[in-house]
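Atoms within a ligand are numbered from 1 in the order they appear, just like the ligands themselves.
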Amino acid sequence: MKVIDPCTLVLFGASGNLSRIKLMPGLFRLDQAGRLPEKMAILSVGRSQVSREDWLADIKSMLDAKFPKGYDQAVFKRFIERHHYHANPPDDPSSFTRLKETLSDEAIFPQNLAYFLSVRPSDFAAIVDQLASVGLTEEGKYWRRVVVEKPFGTDLKSAQELQSSITKHLKESQIYRIDHYLGKSALQNIMLQRFANTILEPLWNKDYIDHVQITNTEQLGVGERTQFYDATGALRDMIQSHVLQTLALTAMEQPASLNPDDIRAEKIKVLEAIRPIPVDELEKYAFRAQYSSGEIKGEKVPGYLEELGDDSSVVETYAALKLFIDNPRWEGVPFYIRTAKRLHEADTRIAIRFKKAPLQLGNGQDQNWLIIGIQPRECIKFEIQSKIPGLDIATRTIELDGANRQEGDETIDAYEALLLNLMEGDNSLYLHISEVEAQWRLVDPVIEAWAKDRKPVHQYPAGSSDPEASKVIFEHEDQFWRYSIALGGDKK
Ligand code: BG6
């Protein structure tokens, strides 16, 4: 366990959804696990005037909602004493000066400061400016760190603008850019499982691998977020961030060490080695679709355009890309990545199909798959060929199924891991600006081309599997989507 300096977490947007559902419960669980330093305060910053008493009651209501079966009252007592509230009404010019005054009370607030910006992305730069204007970002005896929630920009240009704005006041080492997938233990395990074993690495390259599929599908629709989603789309929402990060961990070279800088350096290298998608041949590389009405878990659900109330939208709820990584390890190996809302199942996985075996028995045996399940099942599975006992020579596919999560294992929310790393000063689970830039650089041309193309978008019924038409991106006729993690999931 790393030693954490006494510190104050300043939480902007503390009454918002993320804070209620993830941050406050996450901090509570860290306290319960004895992972918060004894001297640590949490200062919530919100727009409205709220008394400390009311704020503490609100925090209790967040915990009650998250832990309906109850929670440890002794921990709660310790936890609640850490909390304070500061009102920062947007029309008050002195609010940041007052914030500084509040924070200067060293008896209450340890002077190492982490600011968590759980606010509208359009407010990120302004808050950093204001903090800097009152001297709250300067490091000296004490550290200052700023957490920027997703999304970091909406394209390369806006990401670079945000970057140049905040780096007027902050060094790269002070900036913690969130991709909450990196806080998931199953994602961290990709790298560990690859490099802590000797049997995988020799196979992990173009000599043995036919192609890789990285999938992240949900049964959920866009829900209440129609306006946000229609300005965003699946490529920006999921591929630019979570799916490309999953790809980076799958494809990166072994880092020199597990230091944050070494890990990020390898991720940057592989992201930058992805070949730009040729927009003049876009249909061979990218496919989009929207869900129409259908059924999820036996219930009828409306289509995207109905939910949005605008049938002219061409924004995708399904996006698939074919990518190539131009480095010696991956030369010529297609990476098919896809994400969708309202698909037949919610599943995040990496599925690697190996090349044909040298010995072909003539009964059309399947190729080997290696599958890493991220969620809901955390597992690693091999599908291999094995003789069917009997007089004839024939094979069938059997699976070796290893559970990465076993009964009794702890369940840690991604935000718990991220918050802990923030206080420890370990930014390996946060994005470096070069990763963010490489990710935008890759998806921007596709987003632009799709936005210009106003032809009606291909529809798939909610609850169905991938649209047939998505197959156009496959490089070879014998490549096809793997529909499920289960044995036989490569057959429709
Ligand atoms: C968010 C996206 O970043 O990730 C959402 O904005 C998506 O659209 C969510 O539903 C998925 O996260 P998780 O952790 O539930 O897989």
Side-chain angles (χ1 to χ4, degrees), residues 13 16-23 25-26 29 66 116-122 124 147-155 159 176-190 214-249 288-291 296 301 304 307-308 313 315-320 337-350 372-378 405 411-419 429-431 435-436 439-440 443 447 462 485:
N17 228 10
L18 182 72
S19 161
R20 308 189 84 83
I21 296 173
K22 298 285 187 183
L23 305 181
R29 296 217 341 150
K66 187 74 181 189
F116 198 117
L117 311 187
S118 175
V119 295
R120 286 179 309 192
S122 53
F124 292 156
V147 182
V148 185
E149 250 301 326
K150 166 178 172 270
F152 196 91
T154 53
D155 55 16
Y176 287 67
R177 300 177 195 80
I178 290 226
D179 180 322
H180 79 275
Y181 266 55
L182 294 180
K184 292 183 193 254
S185 166
L187 236 79
Q188 294 157 28
N189 195 24
I190 300 171
I214 297 179
T215 304
N216 186 317
T217 60
E218 296 176 281
Q219 286 185 312
L220 293 172
V222 300
E224 315 253 282
R225 304 195 300 164
T226 46
Q227 294 312 318
F228 156 80
Y229 200 84
D230 207 55
T232 306
L235 256 191
R236 273 200 186 94
D237 188 36
M238 296 294 292
I239 300 260
Q240 188 275 342
S241 49
H242 313 320
V243 181
L244 284 176
Q245 279 295 313
T246 311
L247 181 145
L249 291 164
R288 67 172 160 174
Q290 290 172 333
Y291 61 82
I296 294 278
V301 295
Y304 175 65
E307 287 173 324
L308 183 66
S313 169
V315 168
E316 74 287 352
T317 60
Y318 176 109
I337 64 178
R338 63 179 156 162
T339 187
K341 301 254 182 225
R342 290 271 191 246
L343 223 64
H344 65 297
E345 65 174 18
D347 200 66
T348 301
R349 62 177 176 270
I350 299 151
I372 299 179
I374 306 286
Q375 61 188 33
R377 261 205 83 201
E378 292 174 46
R405 170 168 297 281
T411 306
I412 307 282
D413 186 77
Y415 277 94
E416 288 169 46
L418 293 171
L419 285 162
L429 298 184
Y430 288 84
L431 302 175
E435 296 176 79
V436 177
Q439 292 171 184
W440 282 126
V443 298
I447 294 173
I485 202 166

(request) Measure from the side-chain N and O atoms of K66 to the backbone N and O of G26, and report whether any donor-acceptor pair falls under 3.5 Å. (result)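 Here the side-chain-to-backbone pair does not exist.
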
(message) Can a donor-acceptor pair be found, under 3.5 Å and without considering hydrogens, that links the side chain of R342 to the backbone of Q219?
(response)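 Here the side-chain-to-backbone pair exists.
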
(request) Enumerate the protein residues lying less than 4.0 Å from ligand 1, judged by heavy-atom distances, in chain and residue-number order. (result)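 Protein residues near ligand 1 are K150, H180, Y181, K184, E218, R225, D237, M238, H242, K341, Q375.
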
(request) Sequence neighbours left out, what passes ring pair (Phe, Tyr, Trp, His ring centres under 6.0 Å) with F124? Give chain and number order. (result)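 So F124 forms no ring pair (Phe, Tyr, Trp, His ring centres under 6.0 Å) with any residue.
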
(request) Sequence neighbours left out, what passes ring pair (Phe, Tyr, Trp, His ring centres under 6.0 Å) with F152? Give chain and number order. (result)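 F152: no ring pair (Phe, Tyr, Trp, His ring centres under 6.0 Å) contacts found.
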
(message) Between T317 and R288, is there a side-chain heavy-atom distance shorter than 4.5 Å?
(response)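 Counting from C-beta outward, R288 and T317 never come under 4.5 Å.
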
(request) Would you please name every residue forming a side-chain hydrogen bond (donor to acceptor under 3.5 Å, both in side chains) with S313, sequence neighbours left out? (result)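 Once residues adjacent in sequence are excluded, the partners of S313 under the side-chain hydrogen bond (donor to acceptor under 3.5 Å, both in side chains) criterion are D230.
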
